[in-house]
Visitor: 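Here it is: the structure, laid out below.
Lettering of chains follows the sequences in order, A, B, ..., and the numbering in each one begins at 1. This is a predicted model, so every value here is computed, not measured.
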Amino acid sequence: MCYSVSSLTKARLDYARHRADDSALIAALEKELEELLRNEPPLGWVNGFAHPRLLVFTQKEPLMPRLFRWGLVPPWVRDREQASQLAKQTLNARSESLWEKPSFRESAKGQRCLIIVDGFFEYHHQGKTKFLHRMSRTDEEPLCLAGLYAVWGATPTGIPYHGCSIVTTQANPAMALVHNQSKSGESRMPVILDSNQQRVWLAPDADPADLQPCFRPAPVETLRYEAVQAPHSSAPSHDTPPVIQPPELWILRQEITLL
DNA sequence: CCAGACGTTGTT
DNA sequence: GTCTGG
DNA sequence: CCAGACGTTGTT
DNA sequence: GTCTGG
């Protein structure tokens, strides 16, 4: 799950308000953000395998906006080829196994981050037809996802690669319906942090037990679940796919409302 | 010992 | 050429 | 994004 | 770097 997101300039800027509480700090942060995003195209739809740059706030510098590529490469990776292979395997990180996986455990200890997007995408299947859905917050705020990051290839020759990974957890009931695999198939969603959980996730001294409560699936009412026109190309798109209302999804709509 | 993996999701 | 999988 | 598949028969 | 599988 969570292999595509959207990340627009407005949402990125909106987020500045949450990262600070006095007006001077907010102004400074907004300035940093505008600088950082000046030449950064807005992404209405982007596939993780394209490794786009996403807006993150790190545990080390919680008030400094950064752009990290989607796809974490652990520091022990030897060569470029292996790095690009790893980056494709680390778009997501299971919250249940963060502490054991060689690719994630060092990042889990000291390189956690917040990843700011305004939506993520998932397919709903009906027979041979699939309907792309976009999930966003009902309160119109950007989504703050739990993330891990790592820096790779800090050599004299090249610029190091900054990569990140989106932490996932069990799907909430609405996501399970949208992502209708039912039965033994387990459905997943990204870990979405409220403002309290954001502080916990970035706390430098947090241990696994402290972080566990962050992994609770977001309440159903936190998100809006909309069918959208699936992009024709897998290339990153400036435009957010438009919302559609196919009659085939009337029952699904009803089921979600009744939750 | 040493080469090879190191990951996730969904099987509609 | 087009679809799928990672 | 981009590499890889794209299929059938018949069973040491 | 560390673990697993053959």
Visitor: Is the shortest side-chain N to carboxylate O distance from R53(A) to E40(A) below 4.0 Å?
Guide: yes
Visitor: What's the gap between dG4(D) and dA5(B) when it is taken at their P atoms, as a whole Å value?
Guide: 15 Å
Visitor: Find out whether V228(A) and F121(A) are in side-chain contact, i.e. whether some heavy atom of one side chain is under 4.5 Å from a heavy atom of the other.
Guide: yes
Visitor: Rounded to the Å, how far apart are W70(A) CH2 and dG7(B) C1'?
Guide: 14 Å
Visitor: To the nearest Å, how far apart are L72(A) CG and dT8(B) P?
Guide: 11 Å
Visitor: Taking the side chain as every heavy atom from C-beta outward, state whether C144(A) and W201(A) have any pair of such atoms under 4.5 Å apart.
Guide: no
Visitor: Does CD in E255(A) sit with more than 12 non-hydrogen atoms of other residues, nucleotides or ligands closer than 6.0 Å?
Guide: yes
Visitor: Are more than 12 heavy atoms, taken from residues, nucleotides or ligands other than R137(A), located less than 6.0 Å from that residue's CZ atom?
Guide: yes
Visitor: How far, in whole Å, is dC6(B) from dG6(C) if one measures between their C1' atoms?
Guide: 15 Å
Visitor: Sort by first number and list every stem of DNA chain D: at least 3 consecutive Watson-Crick or G-U wobble pairs, both distances under 3.5 Å.
Guide: C:1-6 with D:1-6
Visitor: Should T168(A) be listed as having a side-chain N or O under 4.0 Å from OP1 or OP2 of dT8(B)?
Guide: no
Visitor: Check this for me, if you would: do E96(A) and R188(A) make a salt bridge, where the nitrogen-to-carboxylate-oxygen distance has to be below 4.0 angstrom?
Guide: yes
Visitor: Take atom CD1 of I244(A) as the centre, draw a 6.0 Å sphere, and report whether it contains more than 12 heavy atoms from other residues, nucleotides or ligands.
Guide: yes
Visitor: Looking at every strand, decide which applies to P75(A) at a 4.0 Å heavy-atom threshold: base, sugar-phosphate, or nothing.
Guide: nothing
Visitor: Mind calculating the distance between CG (D79(A)) and P (dG1(E)) to the nearest angstrom?
Guide: 14 Å
Visitor: Between Y123(A) (OH) and dT4(C) (P), how many Å, whole number?
Guide: 10 Å
Visitor: Give a yes/no answer on whether the side chain of R94(A) brings an N or O atom under 4.0 Å of OP1 or OP2 in dT8(B).
Guide: no
Visitor: Using atom P in both nucleotides, what's the gap between dT4(E) and dT8(B) to the nearest angstrom?
Guide: 16 Å
Visitor: Please state how far atom NZ in K88(A) lies from atom C1' in dT4(C), giving the value in whole angstrom units.
Guide: 15 Å
Visitor: Return the value, rounded to whole Å, for the distance between atom NZ of K130(A) and atom P of dC3(C).
Guide: 10 Å
Visitor: Measure the distance from CD on E122(A) to P on dT9(B) and round it to the nearest whole Å.
Guide: 9 Å
Visitor: Tabulate protein N/O versus nucleotide N/O from nucleotides 1-6 of chain B, keeping only pairs under 3.5 Å, one per line.
Guide:
unit_1	atom_1	unit_2	atom_2	d
dC6(B)	O3'	S103(A)	OG	3.0
dC6(B)	N4	Q82(A)	NE2	2.8

Visitor: May I ask you to say whether K109(A) pairs ionically with E106(A), meaning some side-chain N is under 4.0 Å from a carboxylate O?
Guide: yes
Visitor: Is there a side-chain contact between L223(A) and L143(A) (heavy atoms, below 4.5 Å)?
Guide: yes
Visitor: Whole Å only: how far is the CD atom of E96(A) from the P atom of dT9(B)?
Guide: 8 Å
Visitor: Set out, in order, the CA-CA distance, both residues' side-chain angles and the distance that settles side chain to side chain contact (heavy atoms under 4.5 Å, CB included) for L145(A) and V167(A), then state yes or no.
Guide: CA-CA 8 Å; L145(A) 308 181; V167(A) 178; over 6 Å; no
Visitor: Just compare dG6(C), dT9(B), dT12(B) and give me whichever is closest to any side-chain atom of H125(A).
Guide: dT12(B)
